[in-house]
Amino acid sequence: GTYQRNQVFHDPLQMWADCIEKAPLSARPYYSFAQDVEKRRLDVLYPQAIEYARKATELAPKESSYWNVLGLMHRKVVDDYTAVTCFERAHELDPRKVNPLLNLGNVYALNDPEKAKPFFEQALAVSPQHEDANNNYGLVLRRLGQEAKAIPHFEQAIKSNPELWP
């Protein structure tokens, strides 16, 4: 029993799958499975992670983080339309969280930097020292030809995480 259980807990994905099997009405293991797949970039598991993240939002529809991870998974399979819907829902549920705003900005940063700007600005209003928000906002400003405005954001990102500077 204990030895077998330790084998399951050795791998987070096995552990979450085991939790899902034992508690199929609990949203947390579905979310955690999808989050782990996203963080580890396990692309062969993206379809399953999307299914599990969707299940987490069905079981706990008012949990902002669950919608955010569902959006991240849709971005992984290049479904930005659905990703935006998920990020917007996550932001609507908890406007104080930075990640949905950051992710909305990231969706638009390459193809429509002007549209990305307000999302990064809102993220920075919530968390002025946020490393990714500062760095990505700086990149958008630079892309828009506003290098002088970008520099303080790059400096703040480096201050937040000195490893950004080579």
Side-chain angles (χ1 to χ4, degrees), residues 16 27-43 45-166:
W16 294 124
R28 182 70 182 198
Y30 292 100
Y31 160 75
S32 296
F33 183 97
Q35 185 180 44
D36 195 41
V37 167
E38 192 275 329
K39 283 183 179 176
R40 291 167 52 184
R41 297 184 173 125
L42 301 172
D43 58 337
L45 294 176
Y46 288 168
Q48 184 178 8
I50 288 171
E51 177 186 327
Y52 281 3
R54 184 174 294 118
K55 181 71 172 175
T57 63
E58 290 170 6
L59 291 169
K62 295 188 179 190
E63 180 55 56
S64 172
S65 298
Y66 297 0
W67 286 98
N68 191 63
V69 82
L70 180 58
L72 288 170
M73 293 313 308
H74 278 286
R75 284 230 52 213
K76 296 289 187 185
V77 297
V78 196
D79 179 3
D80 284 349
Y81 179 80
T82 304
V84 166
T85 302
C86 293
F87 296 143
E88 287 172 344
R89 180 71 179 133
H91 176 62
E92 181 182 300
L93 288 167
D94 191 349
R96 297 164 298 152
K97 289 196 175 177
V98 173
N99 286 340
L101 292 165
L102 180 64
N103 292 326
L104 282 163
N106 290 340
V107 168
Y108 298 114
L110 288 177
N111 297 320
D112 194 349
E114 197 62 53
K115 192 169 184 176
K117 272 178 63 175
F119 295 113
F120 292 127
E121 290 165 352
Q122 289 175 57
L124 290 169
V126 172
S127 181
Q129 278 75 45
H130 195 279
E131 168 193 333
D132 291 332
N134 273 291
N135 186 62
N136 295 0
Y137 187 47
L139 291 170
V140 162
L141 291 171
R142 192 177 79 193
R143 183 167 283 119
L144 293 169
Q146 300 173 16
E147 287 83 5
K149 288 183 179 180
I151 291 171
H153 294 285
F154 290 137
E155 290 172 343
Q156 180 58 54
I158 291 168
K159 185 178 175 183
S160 297
N161 181 1
E163 292 179 18
L164 284 176
W165 189 253

Relative to each other, are the rings of Y52 and Y30 parallel, tilted or perpendicular (30° and 60° limits)? perpendicular
Carefully, step by step, assess E63 and T57 under the rule side-chain contact (heavy atoms from CB on, under 4.5 Å). CA-CA 7 Å; E63 180 55 56; T57 63; over 6 Å; no
Counting distance only, does the side-chain N/O of R89 pair as donor-acceptor with the main-chain N or O of S64 below 3.5 Å? no
Just verifying a value: how many Å separate L45 CG and K76 NZ, rounded to the nearest 0.5 Å? 13.0 Å
For H130, is there any backbone N or O sitting under 3.5 Å from a side-chain donor or acceptor partner on N134? yes
E114 with K117: basic N within carboxylate O range, under 4.0 Å: yes
Where do A27 and L59 come nearest, in terms of heavy atoms and distance? CB-CB, 3.7 Å
Please report the interatomic distance CG(N136) to CG(L102), rounded to the nearest 0.5 Å. 5.5 Å
What's the shortest heavy-atom distance between P100 and K97, and which atoms? CD-O, 3.7 Å
List the steps and the verdict of side-chain contact (heavy atoms from CB on, under 4.5 Å) for V84 and H74. CA-CA 9 Å; V84 166; H74 278 286; over 6 Å; no
L110 vs R143, test: side-chain contact (heavy atoms from CB on, under 4.5 Å). Steps then yes/no. CA-CA 9 Å; L110 288 177; R143 183 167 283 119; 3.5 Å; yes
Quick check for you: to the nearest 0.5 Å, what is the distance between F87 atom CZ and E92 atom CD? 15.0 Å
May I ask you to decide if Y81's main-chain N or O and T85's side chain share a donor-acceptor pair within less than 3.5 Å? yes
Quick one: pull up CH2 in W67 and CG in N103 and give me the separation to the nearest 0.5 Å. 15.0 Å
Closer than 3.5 angstrom, by distance alone: can the side chain of D80 be matched with the main-chain N or O of A83 as a donor-acceptor pair? no
I'd like to know if the side chain of N68 pairs up with that of S65 as donor and acceptor (distance under 3.5 Å, no hydrogens or angles considered). no
When every non-hydrogen atom of F154 is compared with those of N135, the smallest separation belongs to CE2-O, 3.5 Å
Rounded to the nearest 0.5 Å, how far apart are CD of Q122 and CZ of F120? 11.5 Å
Are any of the side-chain heavy atoms of H153 and R142 separated by less than 4.5 Å? no
Over all atoms of both residues, closest heavy-atom pair of I50 and L70: O-CD1, 3.7 Å
In Å, rounded to the nearest 0.5 Å, how long is the span from NZ of K39 to CG of L72? 10.0 Å
On a heavy-atom basis, the closest approach of L124 and A133 is CD2-CB, 3.7 Å
Are R40 and D36 ion-paired here, with the side-chain N under 4.0 Å from a carboxylate O? yes
Shortest non-hydrogen separation from A60 to Y66 and the atoms involved: CB-CE2, 3.6 Å
